[in-house]
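Since the structure comes first, as structure tokens, the remarks are kept for the end.
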Amino acid sequence: MSGFRQCPSPCLCYESSDLVDCRSQGLDQVPPSVPRGTWLLDLSGNRVREVRSDSFVGLWSLKFLLMSNNSMHALHPQSLSSLQFLERLDLSFNRLRWLPQDFTLHLSSLQELRLDHNLMQHVDSSSLRNCDNLRKLDLSYNRIRTIDIGAFNSLSRLCLLSLVGNRLNMLKDGLLSRQQSLEVLLLSHNNISAIEAEALAPLRSLTLLGLQGNQLQHIKFKTFLKLQTISTHLQMSLNPWTCDCDLQRVFGKIQYVRHLHVEDYKAILCHAPPQQAGSPLASMDSQLCMVETASVLVITITVMLAVIGALVKAERNRKNKQAASDAESSDK
């Protein structure tokens, strides 16, 4: 096996399948002389720190490139330019802080891209261009705080997008404007406290939306009503919900929408007000609205009594003044 077409040492090459296995060999760079007909190259578990512009020159047949669990901190410009037929790229568990602007420029056949467990803080609008065939994108467990509007514009066939475990604080209008084919959107364990009104509207194929473990206190019914799908499952527990009549009404309305299903409704716990902290929202039925209604009634009655009291007092004063006036007239 190892003598196949100048197989790079210390890798194993399998002639019958054009597979080159260089896993966990202590390599600090992409080995030279990888056979030209290779379709799968596994470099995971090494110590490769960077991918240079000439690292994969001539590997036109490569379809699977696996480079997870290295120490990679940089991808040089044009480093993947010869991989026009690449279908799967795994760069997870590295130390990448950013992507070059031409990162996907020539990766028109790419279908799956793993960039999870890196150190990225931002996704700009040029790094993921020309990925028209991408189906799965995993950006989970980075440090992403911001994503440019337009960063995903070329990903019109994307089916799965994972942004789990980042530091996003808002889901903005326009970010997912081209993702009509998106089926799974995973946003759990971020810092999301707001979802803008039109942010979910383009997602016509969405079947699962994961929002657990964020900073949501309130949501708007109209935001979710704009999910015009066949069936969408929502995961919304582990948020610091403020349980009031408005929140109860929103979830009540969502559950009456036939195509929306809150999977973990029974696990949604109140964070505020203090007297409700730790209580399941589902256990309160319409209590929150009844309490609010009772409070409104008490306030209304109090105001009415105050008004009536003021009117009575004013009438009494008027009569007293009238009586005094009449008495003065009689004395004269």
Exercise for the section: Evaluate side-chain hydrogen bond (donor to acceptor under 3.5 Å, both in side chains) for His76 paired with Glu50, printing each intermediate quantity in order. Expected result: CA-CA 7 Å; His76 289 204; Glu50 59 184 354; 3.0 Å; yes

Practice task
Any chance you could lay out the side-chain hydrogen bond (donor to acceptor under 3.5 Å, both in side chains) test for Gln25 and Asn46, step after step, and finish with the verdict?
Solution key: CA-CA 6 Å; Gln25 296 296 329; Asn46 284 288; over 6 Å; no

Practice task
Apply side-chain hydrogen bond (donor to acceptor under 3.5 Å, both in side chains) to the pair Asp148 and His122, showing each step before the final yes or no.
Solution key: CA-CA 8 Å; Asp148 284 352; His122 176 70; 3.3 Å; yes

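Taking CD of Gln212 as the reference point, atom OG of Ser188 lies at 5.0 Å (rounded to 0.5 Å). One finds the CG atom of Leu206 at 11.5 Å from the SG atom of Cys159 (value rounded to the nearest 0.5 Å). Interatomic distance, Ser92 OG to Asn118 CG, rounded to the nearest 0.5 Å: 7.5 Å.
Enclosure of atom CD in Gln101 is not indicated, since only 12 or fewer non-hydrogen atoms of other residues, nucleotides or ligands lie within 6.0 angstrom. For Arg135, the CZ atom counts as densely surrounded, since its 6.0 Å shell holds more than 12 non-hydrogen atoms of other residues, nucleotides or ligands.
Proximity of Leu75 to Leu91: side-chain heavy atoms (C-beta onward) are separated by under 4.5 Å at one or more points. Gln179 has its side chain within reach of Leu203: a pair of non-hydrogen atoms, C-beta onward, lies under 4.5 Å apart. Between Trp241 and Met236 the shortest side-chain heavy-atom distance falls below 4.5 Å. Taking the side chain as every heavy atom from C-beta outward, Cys11 and Pro31 approach each other to under 4.5 Å.
Taking the six-membered ring where tryptophan is involved, the planes of Phe251 and Tyr265 are tilted, since the angle between them lies from 30° to 60°.
Under the 4.5 Å side-chain heavy-atom criterion for Ile, Leu, Val, Met, Phe, Trp and Tyr, Leu27 and Met67 are members of the same hydrophobic cluster.
Side-chain contact annotation: Thr242 with Asp244, donor-acceptor N/O pair under 3.5 Å absent.
Closest approach of Val51 and Met72 over heavy atoms only: CG2-SD, 3.7 Å.
Residues that satisfy the side-chain contact (heavy atoms from CB on, under 4.5 Å) test with Ser156, not counting sequence neighbours, are absent from this structure.
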